[in-house]
Protein chains: 2
Amino acid sequence: MASTDIPVPRPLDRPDSFTQRTLRAVRDLILSGHFRPGDRVNEAELAEALGVSRGPLREALQQLTSEGLVHRIPHRGTFIPEFGATETVELYELREAIEVMAARLAAERATPEDLAELRRFLDATGEVLHSSDEAHYPRDLDFHDRIVAIAGNRQLQARCREVHQLLHVARSRSGFRTERAHQAYDEHRAILQALETRDPDAADRAMRAHLRTGLAHVRQLFELSEPD
Amino acid sequence: MASTDIPVPRPLDRPDSFTQRTLRAVRDLILSGHFRPGDRVNEAELAEALGVSRGPLREALQQLTSEGLVHRIPHRGTFIPEFGATETVELYELREAIEVMAARLAAERATPEDLAELRRFLDATGEVLHSSDEAHYPRDLDFHDRIVAIAGNRQLQARCREVHQLLHVARSRSGFRTERAHQAYDEHRAILQALETRDPDAADRAMRAHLRTGLAHVRQLFELSEPD
DNA sequence: GGTTTGCAAACTGTTGACAGTTGACACCTC
DNA sequence: GAGGTGTCAACTGTCAACAGTTTGCAAACC
């Protein structure tokens with residue numbers, strides 16, 4: 001078709017709509033902690049700051065509402081939700097539902113290359129972990145995302161993204177730190193092993209155990225910070 | 001506070017916003033089959049028909065987009081998505097993730113009353129099923145919704161609703177009929193039994209088996225209608 | 001002094017109009 | 001007639017202004 005060698009016609013360069021850009025901007029503001037749980041969003045002010053009118057902003061807020069990152073009360077305004085112990089536990093249970101299923105599917109569908117790459121990834125994080133004795137484990141979510149990707153189900157992947165987002169906000173409040181890097185790493189290895197034996201039930205058990213440990217840890221944090 | 005006995009001050013009577021009403025209206029139009037997969041939505045026309053301006057309609061469409069009931073292409077318009085075999089299978093897998101988890105939680109959390117009511121419900125549907133030999137099983141979803149309700153996790157419940165909606169649209173195209181009412185009924189009894197023994201693993205297995213049977217059935221329909 | 005009542009400012013909900021893009025049809029060329 | 005080009009109507013994206021609601025404050029009243 002295209003006869004010449006011009007770099008690229010790029011139908012992709014079209015800057016996407018104000019609504020989409022605004023959506024990403026506001027989402028980042030929430031995830032980055034600029035807006036904190038309990039805060040109220042002033043539409044006119046925020047629209048001005050982002051350089052758009054209230055129309056696109058309102059569409060973006062509507063989307064964020066269904067993502068759960070924002071809560072709208074009629075005639076009152078838009079608020080950043082506060083996640084208590086109950087909500088956080090519910091999110092963890094949803095996460096367990098999705099990621100356990102993803103682990104099952106990954107055990108059935110992973111290609112040899114998938115497994116090899118996952119192993120390399122874990123080896124790399126293992127080295128980092130043992131050399132510098134970090135108590136933090138920044139690549140935890142990376143591992144989980146990779147497994148959901150291997151599962152090859154877009155619906156699961158999309159929901160997983162959403163849940164991780166919400167948990168990020170839910171945990172942000174009490175200065176959450178994993179502090180259990182080595183344990184998590186060991187559990188990740190167990191999951192990898194289950195995948196390599198292509199045993200969905202074993203993958204199920206390993207992933208579930210891993211997530212429940214995480215939930216138990218978060219529960220403990222909540223009980224410490226507020227006996228709710 | 002309120003000293004007098006006037007019926008009710010009712011802060012609830014406030015008719016909710018145009019956006020909310022429009023959202024429900026359009027959702028119903030899609031679920032009822034008025035809009036069919038592949039159809040395009042004309043904003044001006046639909047807004048006029050619903051008696052609102054394009055603003056609220058666009059906010060409603062934005063929400064429907066994140067529910068997956070609608071697909072927007074920039075500068076092209078809003079379309080009702082067409083669910084092929086791949087998408088439908090993915091939805092079933094997501095459903096399995098959610099409802100299996102719900103069954104596990106229900107096994108742990110169901111009160112005796114919950115179980116008694118669920119049993120009454122199943123008995124009632126059983127009678128209907130055996131007296132009039134309906135091939136159709138209209139209360140199938142009811143049963144599933146009850147279990148998710150018993151699980152008592154709002155996040156799971158909300159996602160479950162969404163998935164059921166999408167599956168409704170996905171199946172609507174090829175004049176889907178269950179045709180396996182008696183089998184489904186038996187499987188439901190098995191699930192109930194697992195719940196009554198309060199065995200999460202048994203509930204897991206029973207629910208998973210039930211949903212996989214359903215998926216196998218749908219797969220068969222797709223292979224018949226289109227060898228995709 | 002404490003409670004109620006009545007503004008008034010601030011903000012959200014909604015609208016109609018304008019700007020930019022897309023897709024189709026007609027026309028022109030070879 | 002096939003292929004390319006120009007034009008136009010239809011529709012989406014965006015905006016600025018208007019309408020209705022909420023909330024805080026202040027004055028009035030008991």
Side-chain angles (χ1 to χ4, degrees), chain A residues 1-4 6 8-27 29-30 35 38-66 69-81, chain B residues 1-4 6 8-27 29-30 35 38-66 69-81:
Chain A
M1 285 285 186
S3 51
T4 56
I6 48 175
V8 162
R10 293 217 245 184
L12 301 168
D13 265 13
R14 178 173 46 216
D16 48 17
S17 69
F18 283 20
T19 300
Q20 291 305 312
R21 271 191 284 169
T22 305
L23 173 58
R24 274 199 298 277
V26 179
R27 191 191 281 132
L29 284 175
I30 297 171
F35 284 124
D39 281 359
R40 186 170 164 288
V41 175
N42 183 323
E43 290 183 4
E45 194 179 318
L46 182 54
E48 163 101 33
L50 295 175
V52 298
S53 75
R54 284 176 53 223
L57 173 59
R58 283 176 63 86
E59 286 185 31
L61 290 176
Q62 182 75 31
Q63 162 105 21
L64 290 173
T65 300
S66 40
L69 279 177
V70 131
H71 184 196
R72 292 180 109 176
I73 303 176
H75 292 287
R76 296 279 313 278
T78 303
F79 300 85
I80 314 299
Chain B
M1 285 284 188
S3 51
T4 56
I6 48 174
V8 162
R10 292 218 248 185
L12 301 168
D13 265 12
R14 178 172 45 216
D16 48 16
S17 69
F18 284 20
T19 299
Q20 291 305 312
R21 271 191 284 168
T22 305
L23 173 59
R24 275 199 299 275
V26 179
R27 192 191 281 131
L29 284 176
I30 297 171
F35 284 124
D39 281 359
R40 185 171 166 288
V41 175
N42 183 323
E43 290 183 4
E45 194 180 316
L46 182 54
E48 163 100 33
L50 295 175
V52 298
S53 73
R54 284 176 52 223
L57 173 58
R58 283 177 62 88
E59 285 185 31
L61 290 176
Q62 182 76 30
Q63 163 104 21
L64 290 174
T65 299
S66 41
L69 279 177
V70 131
H71 184 180
R72 290 180 110 176
I73 303 177
H75 291 288
R76 296 281 310 279
T78 303
F79 301 84
I80 314 299

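Order of the sequence lines fixes the chain letters, A, B, ..., with proteins taken first and strands second; residue numbering starts at 1 for each chain. Everything quoted here is computed from the prediction, not taken from an experiment.
Of the possible polar contacts, one joining the R40(A) side chain to the R76(A) backbone as a donor-acceptor pair under 3.5 Å is found.
The CD-C1' distance, from E45(A) to dT12(C), rounds to 14 Å in whole Å. Distance N42(B) CG to dT22(C) C1': 14 Å, rounded to the nearest Å. Per the geometry, CD belonging to Q63(B) stands 14 Å off P belonging to dG13(C), to the nearest Å. The interatomic distance linking R58(B) (CZ) with dG13(C) (P) rounds to 17 Å, in whole Å. To the nearest angstrom, C1' of dT12(D) lies 12 Å from CG of L57(B). Protein atom CD of E59(B) is 12 Å distant from nucleotide atom P of dT12(C), rounded to whole Å. F79(A) has its CZ atom 13 Å from the P atom of dT22(D), to the nearest Å. Protein atom CD of E48(A) is 12 Å distant from nucleotide atom P of dC15(D), rounded to whole Å.
Among the protein residues, R76(B) comes within range of the sugar-phosphate backbone only, with heavy atoms under 4.0 Å from sugar or phosphate atoms but none that close to a base. Contacts of T19(B) with the nucleic acid, taken as non-hydrogen atoms under 4.0 Å apart, involve only primed sugar atoms and P, OP1 or OP2. Contact annotation for G55(A): no contact, since no heavy-atom pair falls under 4.0 Å across all strands.
Judged by atom type and distance alone, R72(B) does not reach the base of dG13(D) through any side-chain donor-acceptor pair under 3.5 Å.
For H75(A), whose side chain is taken as the heavy atoms from C-beta onward, the closest listed nucleotide among dG13(C), dT15(C), dT14(D) is dG13(C). For S53(B), the listed nucleotide lying nearest its side chain is dG16(C); candidates were dG16(C), dT12(D), dC15(D). Closest to the side chain of R54(B), out of dC11(D), dA17(C), dT15(C), is dA17(C). Of the candidate nucleotides dT21(D), dC15(D), dT12(D), dT12(D) has the atom lying nearest to any side-chain atom of E43(B).
Under 4.0 angstrom from either OP1 or OP2 of dT12(C) there lies at least one side-chain N or O belonging to R40(A).
A distance of 10.0 Å separates OG in S66(A) from CZ in R72(A), rounded to the nearest 0.5 Å.
Shown here for L64(A) and V26(A), the closest heavy-atom pair between the two residues is CD1-CG1, 3.4 Å. The minimum heavy-atom distance between L50(A) and A25(A), with the atom names listed, is CD2-CB, 4.1 Å.
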- Message: Is there a side-chain hydrogen bond (donor to acceptor under 3.5 Å, both in side chains) between Q62(A) and Q62(B)? Walk through the geometry before answering.
- Response: CA-CA 7 Å; Q62(A) 182 75 31; Q62(B) 182 76 30; over 6 Å; no

